[in-house]
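To start, the structure itself, in structure tokens.
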Amino acid sequence: ESVIIYYLGLNLRDPYLKHRPVRQAIAHAIDRQAMIDHLLKGHATLATGLLSPSNWAYEPDVRQYAYDLERANALLDEAGFPDPDGDGPQPRFAITYKTSTNPQSIRIGEIVQEQLKKVGIDVKEIQVLEFATFLDDVRQGNFQMFRLSWVGISDPNMFHTAYHAGMMPPTGGNYCFYANPRVDELTEQGQVTLDPGQRKLIYSEVQKILAEDVPYIYLWYPHNVVVMKANVQGFTPYPEGNFASLKDVWIEE
């Protein structure tokens with residue numbers, strides 16, 4: 001099972017993206033399964049949140065966002081951004097997508113651009129930056145939408161790092177500037193609660209709230225595919241996709 005999660009980050013201080021119905025609409029407007037089928041040749045599983053299904057605290061019963069253009073359009077109307085000319089060329093609003101020079105991330109941006117256009121959101125520019133510059137922009141909140149991944153999440157305390165209001169940059173990893181007092185309270189409880197059953201209940205509620213609020217749009221958990229010759233022995237695939245077990249590899253004569 002992979003513990004790598006690909007996601008689209010959204011800036012919740014942005015005048016458009018700060019509205020929850022807009023974020024929900026974007027989630028409905030992106031055909032993630034089509035990207036998995038065609039871009040990744042089926043080698044990924046649709047993501048429902050920060051934790052992968054292999055994590056002990058994973059909560060499957062959360063709001064999910066099937067590809068649904070009709071629902072996306074209705075949510076954008078509800079948010080107060082009506083389509084100015086129906087099927088015409090004028091957008092509801094425009095945003096920018098930032099990415100590193102990773103070719104797959106650029107292609108994801110191009111597909112997102114094509115798909116959001118169908119609901120009247122103009123991704124007017126895909127800004128491709130050297131990785132250090134790109135990450136610095138993310139950490140400073142200098143973006144509207146970006147694509148990154150979390151790798152190797154094992155403990156759900158990561159919810160505190162990624163979503164607690166006190167962990168906004170430059171302090172921590174709350175890159176989207178998400179703030180929800182109930183999530184703050186729950187993630188603080190999770191840090192001091194030792195009983196695994198209680199922790200699971202705490203993080204179950206966290207995951208349900210986040211699925212409604214959509215601070216990030218989680219795309220997929222990529223599959224770790226390993227191809228080896230038959231005489232290669234001792235290699236163990238790790239969920240985070242690293243090659244640590246190469247030290248144990250030997251070639252059978």
Side-chain angles (χ1 to χ4, degrees), residues 1-28 46-66 75 78-80 135 138-221 239-240:
E1 285 279 358
S2 172
V3 290
I4 304 170
I5 297 95
Y6 279 55
Y7 67 91
L8 295 176
L10 306 174
N11 190 333
L12 272 60
R13 292 179 172 177
D14 182 80
Y16 306 115
L17 302 175
K18 69 180 182 181
H19 300 283
R20 183 168 73 171
V22 169
R23 302 193 299 273
Q24 293 174 338
I26 291 172
H28 277 302
L46 286 175
T48 59
L50 182 67
L51 301 182
S52 78
S54 64
N55 192 288
W56 64 269
Y58 173 75
E59 173 54 67
D61 186 21
V62 298
R63 178 169 177 168
Q64 300 188 32
Y65 296 86
L75 283 163
E78 174 191 322
L135 195 58
V138 169
R139 287 172 172 164
Q140 292 187 36
N142 183 22
F143 67 89
Q144 287 177 291
M145 177 186 288
F146 67 88
R147 208 288 301 165
L148 266 177
S149 57
W150 289 108
V151 179
I153 297 172
S154 57
D155 192 275
N157 185 52
M158 188 65 185
F159 284 114
H160 185 274
T161 301
Y163 297 109
H164 191 282
M167 297 300 286
M168 292 180 188
T171 310
N174 184 354
Y175 300 140
C176 56
F177 301 99
Y178 175 71
N180 183 313
R182 180 59 178 159
V183 169
D184 290 352
E185 179 186 0
L186 287 166
T187 55
E188 288 167 12
Q189 286 178 13
Q191 287 189 314
V192 297
T193 301
L194 298 179
D195 178 72
Q198 282 299 113
R199 289 190 84 210
K200 188 171 176 63
L201 289 174
I202 288 167
Y203 291 118
S204 172
E205 185 178 347
V206 169
Q207 288 167 84
K208 290 180 178 181
I209 293 170
L210 292 171
E212 294 287 338
D213 284 350
V214 201
Y216 293 120
I217 295 172
Y218 283 98
L219 299 172
W220 51 72
Y221 313 108
E240 63 268 29

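These numbers were taken from a predicted model, which means no experiment stands behind them. Here, residue 1 is the first one in the sequence, and each next residue gets the next number.
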Exercise for review: Give a yes or no on whether a salt bridge exists between Asp14 and Arg23, defined as a side-chain N under 4.0 angstrom from a carboxylate O.
Suggested key: no
Practice item. For the residue pair Pro169 and Met167, establish whether any side-chain heavy-atom pair is separated by less than 4.5 Å. Key: no
Study note, to complete from the structure: Shortest non-hydrogen pair, Ile4 vs Ser149, comes out as CG2-CB, 4.4 Å
Exercise for review: Specify whether Phe177 and Phe143 have parallel, tilted or perpendicular ring planes, treating 30° as the upper limit for parallel and 60° as the lower limit for perpendicular.
Suggested key: parallel
**Study point:** Worked check of side chain to side chain contact (heavy atoms under 4.5 Å, CB included) between Arg199 and Asp155
**Key:** CA-CA 11 Å; Arg199 289 190 84 210; Asp155 192 275; 3.0 Å; yes
Practice item. Taking all heavy atoms of Tyr65 and all of Ala211, pick out the closest pair and write down the distance. Key: OH-O, 2.6 Å
Check your understanding: What closest approach, in Å, do Ala27 and Ile217 show between heavy atoms, and which atom pair accounts for it?
Key -> N-CD1, 3.8 Å
Exercise for review: Before accepting this row, confirm whether a basic side-chain N of the pair Lys208/Glu205 lies closer than 4.0 Å to the acidic partner's carboxylate O.
Suggested key: no
Check your understanding: Is a side-chain N or O of His164 found less than 3.5 angstrom from the main chain of Gly166, in a donor-acceptor match?
Key -> yes
Check your understanding: Using the ring of each side chain (for Trp, its six-membered ring), is Phe159 parallel, tilted or perpendicular to Tyr203, with breaks at 30° and 60°?
Key -> parallel
Point to revise | Euclidean distance, Leu12 CG relative to Asp213 CG, rounded to 0.5 Å | key: 8.5 Å
Review point. Are Val62 and Leu210 close enough, and set up right, to give a side chain to side chain contact (heavy atoms under 4.5 Å, CB included), and what steps lead you there?
Key: CA-CA 9 Å; Val62 298; Leu210 292 171; over 6 Å; no
Review point. Is there a side chain to side chain contact (heavy atoms under 4.5 Å, CB included) between Leu186 and Arg182 once you walk through the steps?
Key: CA-CA 6 Å; Leu186 287 166; Arg182 180 59 178 159; 3.6 Å; yes
Review point. Is the backbone N or O of Asn11 less than 3.5 Å from a side-chain atom of Gln144, with the two atoms forming a donor-acceptor pair by type?
Key: no
Point to revise | Expected output: side-chain Tyr7 to main-chain Gly49 donor-acceptor under 3.5 Å | key: no
**Study point:** Flag, side chain of Asn55 to backbone of Ser154, donor-acceptor distance under 3.5 Å
**Key:** yes
Review point. Does Glu188 reach the side chain of Val192, with side-chain heavy atoms less than 4.5 Å apart?
Key: no
Practice item. Carefully, step by step, assess Met145 and Ile26 under the rule side chain to side chain contact (heavy atoms under 4.5 Å, CB included). Key: CA-CA 11 Å; Met145 177 186 288; Ile26 291 172; 4.2 Å; yes
**Study point:** Straight-line distance of Asp184 CG to Tyr163 OH, nearest 0.5 Å
**Key:** 13.0 Å
Review point. From Leu219 CG over to Ile5 CD1, what is the distance, rounded to the nearest 0.5 angstrom?
Key: 11.0 Å
Point to revise | Interatomic distance, Gln24 atom CD to Leu75 atom CG [nearest 0.5 angstrom] | key: 5.5 Å
Study note, to complete from the structure: Value for SG (Cys176) from CZ (Arg13), rounded to nearest 0.5 Å, stands at 10.5 Å
Exercise for review: Please answer whether the main-chain N or O of Thr48 pairs with a side-chain N or O of Tyr221 as donor and acceptor at a distance below 3.5 Å.
Suggested key: yes
Review point. Any donor-acceptor pair under 3.5 Å linking the side chain of Tyr178 with the backbone of Ala162?
Key: no
**Study point:** Nearest-0.5 Å distance, NZ of residue Lys200 to OG1 of residue Thr193
**Key:** 15.0 Å
Review point. Donor-acceptor pair, Gln207 side chain versus Glu59 backbone, under 3.5 Å?
Key: yes
